[in-house]
Amino acid sequence: MDNTLPGAAHWLWPAVSLALVFGSAALLALWIRARRNAARERAMTAVLTQSIELLPCQFAAFAPDGRLLLHNDTYQDLHKASFASLPRPLTYEAIMRVAVQATHPHEVEAELARRLASHEAADGTPFERLYPDGRWMHVVKKRLPSGVVAGFALDISAAKAAQAQITHLARHDPLPGLGNRAAFQAALAEAASDPAGTTLVLADLDRFKQVNDLHGHAVGDALLAEVAGRMRAAVRPSDTVCRLGGDEFAIVLRGVGGDTAFGLARRLHGAITAPCAIEGSTLDFGCSMGLAFTCAGVREPARLRRHADLALYQAKRSGRSAVLAYSEELGAAEFRAEQLRVELRQALLDPGSAGARLHLAWQPQCDIRTRALAGAEALLRFDSPRLGRVSPMELVGAAVAMGRARALDDRVIALALDQATAWLGRPRLPPAIAINVTADSLADPTFPGRLGVALVARGLEAGRIEIEIPEAIAIRDLNAVGPQLAALRAMGVRLALDDFGAGHSSLAHALRLPVQRLKLDRSIVSELPGGARSRAMLRAITALARSMEIELLAEGVETEAQAFALRREGVTLVQGYLYGVPQPASALLAAPALAAAG
């Protein structure tokens with residue numbers, strides 16, 4: 001049989017063979033490419049797997065049907081309970097159910113439904129979530145075009161803790177268990193509207209600075225911590241204890257007022273001031289307290305605070321370690337003080353205003369033997385349309401509190417020097433003019449220069465001016481006023497020590513201050529002629545002045561018996577109602593007794 005192919009069929013086998021060869025080659029190439037692609041995919045998968053392990057957060061990807069496709073070890077660690085107990089393949093719903101059972105045991109189904117809805121949405125909106133181990137996570141989920149949901153969870157527990165600490169510090173004092181100013185304001189605002197009543201107690205430690213200076217700040221801090229603990233132990237759970245700063249505290253007592261609140265404050269005061277020993281030292285300190293109560297007309301927190309502040313201020317002025325409650329009398333006194341500050345400020349700014357006016361009255365200083373005019377003291381007067389006549393002590397106190405003492409002194413000096421200029425050329429001219437200034441001016445290095453300029457501008461001799469040094473200078477640093485006093489003496493201005501023998505003025509000040517005159521305090525004069533003790537004191541002072549070659553002037557002489565006792569001991573200069581009351585300048589030189597002595 002002839003097996004050869006006829007005609008054109010001779011080329012078929014070679015063609016088929018060639019096709020098989022080329023087909024096989026193509027298939028082999030596809031196979032090789034597929035192997036290469038599979039290797040590349042395995043390599044890329046390995047790179048991806050290793051990369052997600054380097055992420056500083058949890059990562060997981062879920063298939064459209066919820067199966068877990070890919071995750072890193074930190075995600076598995078976050079959901080270790082699920083990975084340990086659940087069958088494979090793991091699903092998002094199964095993992096979340098285990099987590100919700102730990103974090104929301106009382107609302108498992110509701111919380112699970114919320115999480116499944118969030119997973120289904122997966123729109124990339126970040127949110128925060130609490131996980132079973134107590135960690136807070138910042139979570140972002142996004143559904144990819146393939147339907148796969150990829151999610152990241154960053155541990156923000158440290159940031160949450162820091163934020164909680166910041167929030168805590170914003171309302172709490174560093175001293176354990178105490179609120180700070182913000183907590184105090186919030187507590188007071190809430191308590192002030194309590195219909196059952198509220199009492200605000202402000203407390204300030206007395207002599208705390210001395211504790212710090214003597215024992216060191218570590219002991220001072222330990223004392224504050226001890227006081228804070230005593231306060232917390234002494235109040236009720238419903239009360240709020242806060243530190244306003246330094247050694248200042250506030251206690252808001254809820255639901256009490258009047259005598260009950262005052263009793264609580266007294267017990268609190270006793271607990272605070274009980275003996276305290278720290279590091280082997282028994283500390284000497286006290287506590288002043290001011291109370292204010294809510295009532296029908298006082299519900300505003302700011303007003304309640306103001307009332308307690310006033311009570312505390314008065315408690316400290318009354319001798320410290322006192323407990324005082326706000327009263328209408330205290331409020332009236334504060335209203336008067338505030339009105340005085342307003343009017344004094346206006347009087348200093350505008351001397352020609354129609355309101356309250358600063359002016360001087362003059363009291364003669366006389367020779368006890370002849371009643372001749374030996375000088376005149378300028379006495380400050382302040383007449384208020386609303387307050388009436390204001391005493392010099394009250395007026396000066398207000399100026400010092402306002403920080404305007406120097407301005408007031410400048411006005412007094414200007415008024416006195418203007419009057420001295422007007423008296424020039426008049427008969428029986430006062431040989432000397434005594435002017436009172438505050439300790440603030442004497443401590444001012446510019447004071448001698450300002451006084452010198454004022455004297456030159458008016459053509460007055462410095463020797464006609466006597467500056468009276470107040471007894472308050474005795475509690476100041478004498479070294480601070482020494483240069484100013486020396487400068488005044490170098491100018492020729494005379495110096496007198498006021499209120500000698502009483503208050504803070506003493507022999508030590510007479511020795512240290514460059515004075516030419518001692519003004520015997522009226523408290524000594526008022527006891528004359530008195531008994532042997534009064535006469536002995538007078539005799540000692542006069543002997544001291546004589547031995548130091550210092551003049552002695554007795555103030556407050558009101559009776560002939562007092563004048564006789566003074567003259568018998570050698571006092572020659574006197575001042576008081578017996579010789580003339582404070583009077584206008586126009587009346588001073590026309591006084592009958594003075595005229596007769598002329």
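Computed from a prediction, not measured in an experiment: that's the story for all the values here.
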Please determine, by modelled atom types, if Asn72 and Thr74 share a side-chain donor-acceptor pair under 3.5 angstrom.
yes
For the atom pair CG (Asp65) and OG1 (Thr91), what is the distance rounded to the nearest 0.5 Å?
9.0 Å
Can we say Glu300 and Arg305 salt-bridge, meaning some charged N sits less than 4.0 Å from an Asp/Glu carboxylate O?
no
Should the pair Phe83 and His71 be assigned to parallel (<30°), tilted (30 to 60°) or perpendicular (>60°) ring geometry?
tilted
Considering non-hydrogen atoms only, spot the tightest contact between Val211 and Asp284 and give its length.
CG2-O, 3.8 Å
Donor-acceptor under 3.5 Å (Arg411 side chain, Leu348 main chain):
yes
Taken to the nearest 0.5 Å, the spacing of Leu69 CG from Leu90 CG works out to 11.5 Å
Would you call the rings of Phe59 and Phe152 parallel, tilted or perpendicular, where under 30° means parallel and over 60° means perpendicular?
tilted
Taking Asp194 for the side chain and Arg254 for the main chain, is one N or O donor matched with an acceptor at less than 3.5 Å?
no
For the CD atom of Gln210 and the CG atom of Leu205, what is their distance to the nearest 0.5 Å?
11.5 Å
Answer yes or no: is there a donor N or O on one side and an acceptor on the other, between the side chain of Arg181 and the main chain of Leu244, under 3.5 Å?
yes
Side-chain touch Tyr92/Arg115, heavy atoms, less than 4.5 angstrom:
yes
Whether the side chain of Ser118 engages the backbone of Arg114 through a donor-acceptor N/O pair (distance < 3.5 Å, no angle test) should be reported.
no
Any side-chain heavy-atom pair from Cys242 and Leu178 closer than 4.5 angstrom?
no
Are Asp206 and Ser288 linked by a side-chain donor-acceptor pair shorter than 3.5 Å?
yes
Counting N and O atoms only, with roles assigned by atom type, does the side chain of Ser281 sit under 3.5 Å from a partner on the main chain of Leu283, one being a donor and the other an acceptor?
no
For a quick test of reading the model, state the closest non-hydrogen atom pair linking Asp444 to Arg450 and the distance between them.
OD2-NH1, 2.8 Å
Donor-acceptor pair, side chain of Arg303 and main chain of Arg306, under 3.5 angstrom:
no
CG (Leu200) and CG (Leu304) are apart, to the nearest 0.5 Å, by 5.0 Å
Under the criterion side-chain hydrogen bond (donor to acceptor under 3.5 Å, both in side chains), which of Arg341, Arg345, Gln346, Gln339 is the partner of Glu343?
Gln339
So, for Leu395 and Leu340, which heavy atoms are closest and what is the spacing to 0.1 Å?
CD1-CD1, 4.0 Å
Determine yes or no for a side-chain-to-main-chain donor-acceptor pair under 3.5 angstrom, with Arg230 supplying the side chain and Ala274 the backbone.
yes
Side chains of Thr199 and Phe262 in contact at under 4.5 Å (non-hydrogen atoms)
no
Looking only at non-hydrogen atoms, find the nearest pair between Ser321 and Gly286 and report the distance.
OG-CA, 3.9 Å
Donor-acceptor pair, side chain of Ser157 and main chain of Trp136, under 3.5 angstrom
yes
Does a side-chain N-to-carboxylate-O contact under 4.0 Å join Arg129 and Glu111?
no
Nearest heavy-atom approach of Leu112 to Glu93 is CD1-O, 4.1 Å
Nearest non-hydrogen partners of Ile95 and Ser82, listed with the distance:
O-OG, 3.4 Å
Do Arg236 and Asp239 sit within salt-bridge range, that is, some charged N less than 4.0 Å from a carboxylate O?
yes
Glu109 versus Arg97: any side-chain heavy-atom pair under 4.5 Å?
yes
If the threshold is 4.0 Å, N to carboxylate O, is there a salt bridge linking Arg135 and Asp77?
yes
When rounded to the nearest 0.5 angstrom, what is the spacing between NZ in Lys141 and CZ in Phe62?
7.0 Å
Sidechain N-carboxylate O distance under 4.0 Å for Lys316, Asp204
yes
With side chain to side chain contact (heavy atoms under 4.5 Å, CB included) as the test, would you mind laying out the steps for Leu330 and Glu328 before giving the verdict?
CA-CA 5 Å; Leu330 187 59; Glu328 292 185 2; over 6 Å; no
Answer whether the closest heavy-atom distance between the side chains of Arg336 and Arg386 falls below 4.5 Å.
no
Could you go through Met231 and Ile272, starting from their C-alpha distance and side-chain angles, then the distance that decides it, and tell me whether this counts as side chain to side chain contact (heavy atoms under 4.5 Å, CB included)?
CA-CA 7 Å; Met231 286 185 176; Ile272 293 173; 3.4 Å; yes
Would you say Leu154 and Gln58 make side-chain contact, with heavy atoms under 4.5 Å?
no
Any donor-acceptor pair under 3.5 Å linking the side chain of Gln484 with the backbone of Leu442?
yes
Start with the C-alpha gap between Ser318 and Leu324, add the side-chain angles, then the distance that decides, and say whether side chain to side chain contact (heavy atoms under 4.5 Å, CB included) holds.
CA-CA 9 Å; Ser318 66; Leu324 292 180; 4.1 Å; yes
Quick one: do Leu202 and Phe249 satisfy side chain to side chain contact (heavy atoms under 4.5 Å, CB included)? Show the steps, please.
CA-CA 6 Å; Leu202 296 182; Phe249 299 85; over 6 Å; no
Can you confirm whether Cys276 sits close enough to Phe285 that some side-chain heavy atom of one is under 4.5 Å from a side-chain heavy atom of the other?
yes
Roughly how far, to the nearest 0.5 Å, is CZ of Arg207 from CG of Asp247?
12.0 Å
Checking Thr438 against Asp409: is there a side-chain donor and acceptor pair closer than 3.5 Å?
yes
Could you check whether any side-chain N or O of Thr198 sits under 3.5 Å from a backbone N or O of Ala191, counting only pairs where one atom can act as donor and the other as acceptor?
yes
Do the ring centers of His307 and Phe293 come within less than 6.0 Å of each other?
no
Is there side-chain contact between Phe208 and Leu224, with at least one heavy-atom pair below 4.5 Å?
yes
